[in-house]
Amino acid sequence: METRLSVFSERRLRIDAESVCQNLVNKLKKDILYNLNRKFAVVGISGGIDSSVTLALAVRALGPDHVIGVILPERDSSPESQKYAQQLAEKFGVKTIVEDISDALKGLGCYRRRDEAIARVVPGFDPDTDRAKIVIKQNIESSIPAIFSVVAIKPNGKQYTRLLPAKEYLEIVAATNFKQRTRMSMLYFHAERLHAAVVGTPNKHEVEQGFFVKHGDGAADIMPIGGLYKTQVYQLANFLGVPAEIIKRTPTTDTYTAEQTQEEFFYQLPFEMMDLLWHAWENEYPAEILAEELDKPATKIKNIYQSFERKRKATSYLRMAPIFYK
């Protein structure tokens, strides 16, 4: 009989990495070659764990000569991202294409529109010298829905944090989303000229919590790791031989001018804890059981459950297919 201790255990999220890998590789090969009728795959690689595992799976499915890694830096992205992406490609014997999308983003007004919105909230903000990022200040264990703030950082390190009004928040996000949509446009350019499939990189949390951009990183022909929890992605990474530097790297958004982790921007929980809590929530484990195991008040677990529910509902439109009228 299952005990309370085993209900909330990381063992539930452990996978047979070899078996899962082979299953995904078989599906990828079948879907790309037969369902999509393509012989090549294009993967956008960022030096992060998700794109690294996706590339490694594509190489196992098609062979390195049939996979292209596209690196898409822009002026706000970390130089380390490109370095790790190149290291990944070399490890798996994949050719790369580097496309700097800064000029395209500048032409679209991505940087200008974002910085104008920030300056309305943080008087004196200078985009030429100051850095900025968006963060969630609320603890996910509270009953208060997430409220976003902008953090502006001066060259001397002094920080200014201001609550973001809805108008400015939406404008900053809309402008920033040009980045993911431009990257996907470039991926499809190379996919179409090579008669290849675009293999997407979102994991289970990104898909189900809506941590992706519609028609941006949420657009692809196939998403092999979309059913895997983040910790399961790491398990696959170890099995596939992803470089240790990438596995150890803290996941960031690599989107804003100031360094920002995915946890502080969106998830509000370490991945190990988030995976277990999400698994418990979607499998309807009572909050009281988890509260006892974690030595937390049941109200806090319920608040986390409610936060998950809010995120899924608020982002449901992102997962919707176009509504076709007949």
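The shown structure was predicted, so the numbers you read here are calculated from the model rather than taken from an experiment.
Of all heavy-atom pairs between Leu36 and Arg38, the closest is O-NH1, 3.0 Å. Closest approach of Ile97 and Ile68 over heavy atoms only: CD1-CG2, 3.7 Å. Ala117 and Glu168 make their closest contact through O-CG, 3.5 Å (heavy atoms, listed as atom of the first residue, atom of the second, distance). Scanning both residues, Ile45 and Ala89, for their nearest heavy atoms gives CD1-CB, 4.3 Å. Considering every non-hydrogen atom in both Thr161 and Ser149, the closest pair reads CG2-CB, 3.8 Å. In this structure, Gln268 and Lys311 approach most closely via the heavy-atom pair OE1-NZ, 4.0 Å.
Side-chain atoms of Asn283 do not come within 3.5 Å of backbone N or O of Tyr285 as any donor-acceptor pair. Side chain of Arg113 to main chain of Thr176: no donor-acceptor pair is present (N/O by atom type, distance under 3.5 Å, no hydrogens or angles). Side-chain atoms of Arg183 come within 3.5 Å of backbone N or O of Leu72 as a donor-acceptor pair. No donor-acceptor pair closer than 3.5 Å links the side chain of Asn35 to the backbone N or O of Lys30.
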Side chain to side chain donor-acceptor pair (under 3.5 Å) evaluation trace for Arg249 with Ser81: CA-CA 10 Å; Arg249 191 183 182 200; Ser81 296; 3.0 Å; yes

Stepwise salt bridge (Lys or Arg N to Asp or Glu O under 4.0 Å) test for Arg120 and Glu171: CA-CA 11 Å; Arg120 292 200 299 271; Glu171 188 168 330; 2.9 Å; yes

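Taking 4.0 Å as the cut-off between side-chain N and carboxylate O, Glu288 and Lys302 count as a salt-bridged pair. A salt bridge links Lys313 and Glu309; the closest N-O separation between the charged side-chain nitrogens and carboxylate oxygens is under 4.0 Å.
Under 3.5 Å, the side chains of Gln209 and Trp278 contain no donor-acceptor pair of N or O atoms. Side-chain contact of His190 with Glu99: a donor-acceptor pair under 3.5 Å is present, judged by distance alone. Defined by atom type and a distance below 3.5 Å, a donor-acceptor pair is missing between the side-chain atoms of Thr257 and Asp76. In this structure, a donor-acceptor pair under 3.5 Å is present between the side chains of Glu74 and Tyr111. For the residue pair Ser102/Asp100, the side-chain donor-acceptor check at 3.5 Å is satisfied. Side-chain contact of Thr315 with Arg319: a donor-acceptor pair under 3.5 Å is present, judged by distance alone. Using modelled atom types and a 3.5 Å distance limit, the side chains of Arg114 and Thr255 yield no donor-acceptor pair. Side-chain atoms of Asp275 and Thr231 form a donor-acceptor pair, as typed in the model, at a separation below 3.5 Å.
Checked against salt bridge (charged side-chain N to carboxylate O under 4.0 Å, His left out), Lys133 has the following partners two or more places apart in sequence or in another chain: Glu264.
Follow the hydrophobic side-chain contacts under 4.5 Å out from Met274 and you reach Ile136 in the same cluster. Note on Val43 and Leu194: separate hydrophobic clusters, where clusters join Ile, Leu, Val, Met, Phe, Trp and Tyr whose side-chain heavy atoms are under 4.5 Å apart, directly or indirectly. Residues Val199 and Val70 fall into different hydrophobic clusters, defined by Ile, Leu, Val, Met, Phe, Trp and Tyr side chains chained together at heavy-atom separations under 4.5 Å.
Here Lys95 contributes atom NZ and Asp65 contributes atom CG; the two are 7.0 Å apart, rounded to the nearest 0.5 Å. Rounding to the nearest 0.5 Å places CD of Glu245 at 11.0 Å from OG of Ser52. In this structure, CZ in Phe212 is found 11.5 Å from OG1 in Thr201, a value given to the nearest 0.5 Å.
By the 30° and 60° cut-offs, the orientation of the rings of His205 relative to Tyr267 is perpendicular.
Between Pro243 and the options Glu90, Lys248, Gln87, a side-chain contact (heavy atoms from CB on, under 4.5 Å) holds for only Gln87.
Proximity of Ile304 to Lys300: side-chain heavy atoms (C-beta onward) are nowhere separated by under 4.5 Å.
Annotation: cation-pi geometry not satisfied between Lys106 and Phe178 (NZ/CZ under 6.0 angstrom from ring centroid, within 45° of ring axis).
A 6.0 Å sphere centred on NZ of Lys27 holds no more than 12 heavy atoms belonging to other residues, nucleotides or ligands.
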